[in-house]
Amino acid sequence: MIEKEKFLSRINLFQSLSEDELAQLEPATPMEVVKKGTMISSPHLEQKRLFLIKAGKVRLYKLSADGKELTIDLLGTGHVFGEVGSFTISSTNMYAEAWEDSLICSIDKGKFEELMLEKPRLALHFIEIVSNRLREVEEMMELMAYGSVRQRLVYLLGRLCEKYGGERQADAPEWIELAVNLTHQELATMMGCIRETVTETLHELTAEGIVKKTGLRKPLWVHRERLREALAPHSFTNVFFTRLDKRK
DNA sequence: GCATTAAGTATAA
DNA sequence: TTATACTTAATGC
């Protein structure tokens with residue numbers, strides 16, 4: 001198996017494909033190195049492709065009329081984004097930029113549609129990915145409308161744990177390390193508030209023992225149980241933590 | 001060093 | 001909560 005096939009097999013979306021099928025797919029998936037900060041797709045670049053992240057991280061965001069950015073999602077290795085016909089994994093008006101130096105594969109819309117017709121399991125998996133993204137956006141939307149900044153931050157931290165939760169502290173496994181270095185500014189663009197509010201709210205959560213930092217520019221640690229309690233008032237809490245539990 | 005970036009604080013609206 | 005502004009600390013040339 002050549003290296004790229006190995007990579008394709010690690011993309012969650014392609015889990016249901018056999019080695020042979022991956023080998024067939026390989027020629028249709030050009031691979032590209034993109035430097036941090038590079039725009040991968042935007043409303044102007046009409047790219048009808050599905051992008052697969054081999055390594056690195058990609059930020060999906062929207063721009064408001066007055067130029068403010070709203071980060072919709074931060075995707076890592078194994079995640080997919082892009083547009084495929086009437087299915088869009090992202091919505092319109094979405095920008096995608098490399099948030100770190102990344103390695104990105106892409107597959108043509110037509111080719112992917114063919115593949116979905118042949119492989120129902122792949123199509124189902126694709127739908128699952130799309131609907132999960134939808135659910136996450138809906139949950140955040142609910143908090144944008146009716147929740148406080150605090151609730152949005154708590155929710156966001158939970159979701160980041162789910163996606164980027166790394167090491168557990170050896171002597172205290174309820175602490176999870178967030179393996180992404182997000183500045184307060186970056187968190188703010190994911191929650192729709194300003195940097196200063198994130199700073200303050202984070203202090204509040206630190207005082208309550210929900211999060212902690214070992215030092216400046218060090219990763220953030222999140223206390224699962226306390227985070228769960230902080231999120232408790234929400235209807236989707238249980239579903240959310242079931243997802244978190246499944247990770248380990 | 002000096003400029004830049006991230007984070008902490010304070011105050012008015 | 002946000003906008004604005006000022007301060008401090010760390011980082012990079």
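Note that the structure is a prediction, hence the values are computed from the model and not measured. Atoms considered below: every heavy atom in the structure, side chains included; atoms not considered: hydrogens, waters and symmetry mates. Lettering follows sequence order; numbering is per chain, from 1.
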Annotated protein contacts, base or backbone, on nucleotides 8-13 of chain C with a non-hydrogen cut-off under 4.0 Å, one of B, S, - each: --SS--

Distance, rounded to the nearest Å, where A:His184 contributes NE2 and B:dT9 contributes P: 11 Å

Heavy-atom side-chain contact between A:Leu50 and A:Phe126 under 4.5 Å: yes

Row check, A:Trp175 ring normal vs A:Lys212 NZ/CZ: under 6.0 Å, within 45°: yes

Under 4.0 angstrom between A:Thr197 side-chain N/O and C:dT1 OP1 or OP2: no

A:Lys62 with A:Glu69: basic N within carboxylate O range, under 4.0 Å: no

For atom CG of A:Leu182 and atom C1' of B:dA7, their distance in whole Å: 15 Å

Protein-nucleotide distance (A:Gln185, atom CD; C:dT2, atom P), rounded to Å: 12 Å

4.5 Å side-chain heavy-atom contact, A:Glu139 and A:Tyr155: yes

Sub-4.0 Å heavy-atom contacts from residues 201-214 of chain A onto DNA chain C, ordered by number: none

Length of the line joining A:Leu153:CG and C:dT1:P, which is rounded to integer Å: 11 Å

A:Arg150 bridged to A:Glu208 by N-O distance under 4.0 Å: yes

A:Lys36 and A:Glu100 ion-paired at < 4.0 Å: no

Side chain of A:Ser148 (C-beta onward), nearest among C:dT1, B:dG8, C:dT2: C:dT1

Exercise: do A:Thr189 and A:Glu186 side chains pair donor with acceptor under 3.5 Å: no

Separation between CZ of A:Arg133 and NE2 of A:His79, rounded to the nearest 0.5 Å: 8.0 Å

Sugar-phosphate only, base, or nothing, as touched by A:Lys68 at under 4.0 Å among non-hydrogen atoms: sugar-phosphate

Are any protein N/O atoms closer than 3.5 Å to N/O atoms in nucleotides 4-7 of chain C? If there are, list each pair with its distance.
residue, atom, partner, partner atom, Å
C:dT4, O4, A:Glu196, OE2, 3.2
C:dA5, N6, A:Glu196, OE2, 3.1

Expected output: side-chain A:Tyr61 to main-chain A:Leu74 donor-acceptor under 3.5 Å: no

Spacing of A:Leu220 atom CG relative to B:dA7 atom C1', expressed in whole Å: 14 Å

Ion pair check, A:Asp73 and A:Lys163, cut-off under 4.0 Å: yes

N-O pairing of A:Glu225 and A:Arg228 below 4.0 Å: yes

Length of the line joining A:Leu187:CG and B:dG8:C1', which is rounded to integer Å: 16 Å

